[in-house]
Amino acid sequence: MDRTTVTLRNTVTDPDGDQSDLTFDVWTVNADGSPKAHVDTDSNEYGMPVSGYVKSGEKASVAISYGYLHPGWTYAFRTSAYDGALYETEWSPWATFTIRSHAVDITLPEPVKDAPVVDLDQYQKPQVTNDHVNSSPGNPGSLAKNKLPAPLGKGCKEAGDRIYCATVGQPEDMTPDERSRVKKGLRQSATSNLVSWCDGAAVGKDYIKRTEGCVKKANEITNTVYAKLPNGEIWPVGRAIFSSHIEIKTDVKSNTFTQQWSLKPLSFRDAAGETSEWGPLTLRPKFSCASQCTTSTPTWSAPPTWSTTGVDYHETTATFTHTVSGVQTGNVVPVQLIWKWDGTVPDQLPDTFPDGDIGNSVPDLDIRCDAVATATPGCVFSAYKPTWVMNFKKFPAAVAHAWLTQAKLPNHPGSQAADKPLLYLPASGSSSGRTPTQNRAVICPSGWAAKSGNPDTTTLPGNVPNGSDPLSCDEFAYAATYNSGGMPAPDGLNPVSSGNQCVQSYSQRTQTDVWHFYDDMRQAAPTWKEVCGRSTMSNWMNTQSMQSFPTQFTQPNRLLDRDAYWYYAPEFAGCNATAATVKCTVK
């Protein structure tokens, strides 16, 4: 039998052709299959259900209600007929049947009503972005004679008898020692402290969190100076190499954000590989965010000028503030960052170096400012997917339900490992016109838990001031997502017509301080091809598990319609979702 709510049947044969009913006698069995002990499977005085009358040759049947039979047990039953006048003097031969075992049995601890809130910050790891739009690498030439092609290479500018070249990225003719210095310089920055984790981030990639950016890809700055000799030859004078990185900090409660550009000189040398004074050299940033922003004049932690003699290697950081205009109630302003720089050698012509072009922030380093999430404007890196973690100590069954649905079902809602983020559906104003309340009505109709929820579910009236803690229906993926089974096509990612199509489960305290999260044995076993989960649990546990979601998560991250985020249940790392039976203990 694939469920504990079962139907037993046997064929009635009456020699006189009379209609008859059948009494069904159910027993547990010994190891050898022989009957062991009678099981009361009905509330009548004999504990044996009786079928209705059927014609001779037809099958009589009775339903054994939920609660009489145990998962994983084998039973034997026999029947005796009554035609309204005479009882059958012999029982029928024994027939056996086995109830399936639980497909899900997760052992959980007792909920801790006053458990502290989860520190969500520890789960917000830097995300490697798609490449921002870098400028094409310039042609820095080489410190070998006459290597500069004609006409001037990209990123070069002629001024008098000098040619000045500026480029970003590691030029091919950089020496191994210079490459090593660049990487070391990018890893270690003494003056920038806007984004605390940026110093430790790997070189050669760009990273974001919801309010922080760390740009370390292709930010090696190279300046090369060439002399044009009277005979037409081009002769290298010297080259400077800097490590450079950008840090960005937005504010979820302001339309002003901050950028820092850190420069660390690594090498000043001439064609012979020796240091020589061909400066001093000044580098100046030209950071902006196009027409959406007003940008302050940068402040410097130290002067951005170096002697190029090989003794001056001080580091400096320029700090900018940008204020985004047009962020008014109800609207969204996308902000594109543009990064350029130039340089001068003061004893030559002013503004001699051409603009160095680091690129722009498209796509993942763009910033989004809005006054939709709250009336107060705020700005975030909207490409970053934050991670939501429910409070397991306080709401273990709710966490178990979300984890099981995510880990076991083929659509893996909210799983970062499967790259299946949840897409946020706000309470109002979504582009789909749908609301979470409408989604919930499909999976958890009003009154469903009281009428149809598993009656073995344990509630927690002691956790509620008025002592009322009814059964409640919990769904995953959340109703406030486009992943919800209740979200119809074409916007819904996993539409179903009813919560009956979801995996059914419930939570039960089986002994003091020991809970179990089970699949509902009144139903057939899950196929694990379902796309949603529906669970019966304590109303306190269900509703309170998401009580902090707006204040702890959606508002601090300024989630808007269709924003992506992850769901994570770290306590379940030791549970194997690939096993046919999901059985584990979470402490």
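Keep in mind it's a predicted model, so treat the numbers as computed, not measured. One is the number of the first residue; the rest follow in order along the sequence. Any value given below was found using the heavy atoms of this structure, including those in side chains, with hydrogens, waters and symmetry copies removed.
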- Task: For the pair E58 and V12, evaluate side-chain contact (heavy atoms from CB on, under 4.5 Å) and give the outcome as yes or no after the intermediate values.
- Result: CA-CA 6 Å; E58 294 183 351; V12 173; over 6 Å; no
Notebook entry, point to check: Does the side chain of D32 pick up a donor-acceptor pair with the side chain of S34 at under 3.5 Å?
Noted result: yes
Contacts of R440 meeting side chain to side chain donor-acceptor pair (under 3.5 Å) (sequence neighbours excluded), chain-then-number -> none
Notebook entry, point to check: Judged by atom type as modelled, is there a donor-acceptor pair below 3.5 Å linking the side chain of T28 to the main-chain atoms of A37?
Noted result: yes
Do the side chains of R509 and E110 get close enough for a salt bridge, i.e. N-O under 4.0 angstrom? yes
Treating S51 as the side-chain partner and L22 as the backbone partner, does any N or O pair qualify as donor plus acceptor under 3.5 Å? yes
Is there a side-chain contact (heavy atoms from CB on, under 4.5 Å) between Y75 and V6? Walk through the geometry before answering. CA-CA 12 Å; Y75 297 89; V6 302; over 6 Å; no
| message | Treating N483 as the side-chain partner and L423 as the backbone partner, does any N or O pair qualify as donor plus acceptor under 3.5 Å? | response | yes
Applying side-chain contact (heavy atoms from CB on, under 4.5 Å) to T435 and not counting sequence neighbours gives T437, Q438
Indicate yes or no: at least one non-hydrogen side-chain atom of D561 is less than 4.5 angstrom from one of Y482. yes
In short, side chain to side chain donor-acceptor pair (under 3.5 Å) pairs touching residues 484-494 with sequence neighbours left out are N411-N494, E475-S484, D491-R562
Give a yes-or-no answer on whether the side chains of T536 and N454 include a donor-acceptor pair shorter than 3.5 Å.
no
Taking the side chain as every heavy atom from C-beta outward, state whether L409 and W528 have any pair of such atoms under 4.5 Å apart.
yes
Practice problem: Would you check if V503 and K408 make a side-chain contact, meaning some heavy-atom pair closer than 4.5 Å? | Solution: no
> Ignoring hydrogens and geometry, is there a side-chain-to-backbone donor-acceptor pair from Q501 to S498 under 3.5 Å?
Replying inline: yes
dist W540:CH2 -> T459:OG1 (nearest 0.5 Å) comes out at 12.0 Å
Quiz item: How about E90: does its CD atom have over 12 heavy atoms from other parts shown lying under 6.0 Å from it?
Solution: no
Exercise for the section: Check whether any side-chain N or O of Q508 sits under 3.5 Å from a backbone N or O of T457 as a donor-acceptor pair, and report yes or no. Expected result: no
>> Using a 6.0 Å cut-off, check whether atom OH of Y46 has over 12 heavy atoms from anything other than its own residue.
In response: no
field: Contact check, side chains of Q19 and K55, non-hydrogen atoms, under 4.5 Å
entry: yes
Candidate pair R100 and D519, rule side-chain contact (heavy atoms from CB on, under 4.5 Å), full reasoning:
CA-CA 11 Å; R100 71 169 175 91; D519 59 305; 2.8 Å; yes
### Query
Are the side chain of K393 and the backbone N or O of V117 linked by a donor-acceptor pair below 3.5 Å?
no
Heavy atoms of P111 and K394 approach each other most closely as CB-O, 3.4 Å
The side-chain contact (heavy atoms from CB on, under 4.5 Å) partners of D121 (sequence neighbours excluded) come to D119
Across all chains, not counting sequence neighbours, the salt bridge (Lys or Arg N to Asp or Glu O under 4.0 Å) partners of R9 are none
side-chain contact (heavy atoms from CB on, under 4.5 Å) with S361: of D206, D366, V215, only one passes, and it is D366
(message) Is it true that Q504 and R534 share a donor-acceptor pair across their side chains at a distance under 3.5 Å?
(response) yes
**Asked** Taking C-beta and beyond as the side chain, do V335 and F257 meet within less than 4.5 Å on heavy atoms?
**Response** yes
SG (C369) and CG (N255) are apart, to the nearest 0.5 Å, by 6.5 Å
To the nearest 0.5 Å, atom CE of M487 lies from atom CG of L425 at 5.0 Å
Here the disulfide (SG to SG under 2.5 Å) pairs for residues 396-438, sequence neighbours left out, are none
If the plane angle is over 60° it's perpendicular, under 30° parallel, otherwise tilted; pick one for Y567 and Y478. perpendicular
Is there side-chain contact between V399 and F572, with heavy atoms separated by less than 4.5 Å? yes
Query raised in the report: Is T374 close to R558 at the side-chain level, that is, under 4.5 Å between some pair of heavy atoms?
Result: yes
In this structure, OG1 of T98 is separated from CG of D2 (nearest 0.5 Å) by 12.5 Å
The complete set of disulfide (SG to SG under 2.5 Å) pairs with one or both residues in residues 2-73, sequence neighbours excluded, reads none
- prompt: In terms of side-chain heavy atoms, does N542 have a donor or acceptor partner in S472 at a distance below 3.5 Å?
  reply: yes
**Study point:** Aromatic ring proximity W388/Y123, centre distance under 6.0 Å
**Key:** no
key: Side chains of Y207 and V195 in contact at under 4.5 Å (non-hydrogen atoms)   = no
Under 3.5 Å, is there a donor-acceptor pair linking the side chains of Y53 and D18?
no
I'd like a table of donor-acceptor pairs (distance under 3.5 Å, sequence neighbours excluded) in which one partner is a side-chain atom from residues 376-387, with atom names and distances.
{"residue": "Y384", "atom": "OH", "partner": "K125", "partner atom": "N", "Å": "3.2"}
{"residue": "Y384", "atom": "OH", "partner": "K125", "partner atom": "O", "Å": "2.7"}

OG1 of T481 to CG of L422, rounded to nearest 0.5 Å, is 5.5 Å
Scanning both residues in full, the closest heavy-atom pair of P488 with N439 reads CD-OD1, 4.3 Å
Main-chain N/O of P426 paired to S430 side chain as donor or acceptor, under 3.5 Å
no
To the nearest 0.5 Å, atom CG of L8 lies from atom OG of S61 at 9.0 Å
By salt bridge (Lys or Arg N to Asp or Glu O under 4.0 Å), D25 pairs with (sequence neighbours left out) R78
For N44 and G47, indicate whether the former's side chain and the latter's backbone hold a donor-acceptor pair under 3.5 Å. yes
query = Quick one: does N466's side chain have a donor or acceptor within less than 3.5 Å of a partner on S468's backbone?
reply = yes
message: Just checking W91: does its CH2 atom have more than 12 heavy atoms from other residues, nucleotides or ligands closer to it than 6.0 angstrom?
response: yes
So the disulfide (SG to SG under 2.5 Å) pairs with at least one residue in residues 494-528 (sequence neighbours excluded) are C502-C532
Any chance NZ of K113 has more than 12 other-residue heavy atoms, nucleotides or ligands included, within less than 6.0 Å? yes
Applying side-chain contact (heavy atoms from CB on, under 4.5 Å) to D40 and not counting sequence neighbours gives H38
Backbone of D469 reached by a side-chain donor or acceptor of N539 within 3.5 Å
no
Only one of T5, D456, T4, D520 passes side chain to side chain donor-acceptor pair (under 3.5 Å) with Y66, and that residue is D456
Show me the donor-acceptor pairs within less than 3.5 Å that the side chains of residues 577-587 make with the rest of the protein, sequence neighbours left out.
{"residue": "T578", "atom": "OG1", "partner": "N576", "partner atom": "OD1", "Å": "2.5"}
{"residue": "T578", "atom": "OG1", "partner": "N576", "partner atom": "ND2", "Å": "3.4"}
{"residue": "K583", "atom": "NZ", "partner": "D105", "partner atom": "OD2", "Å": "3.0"}

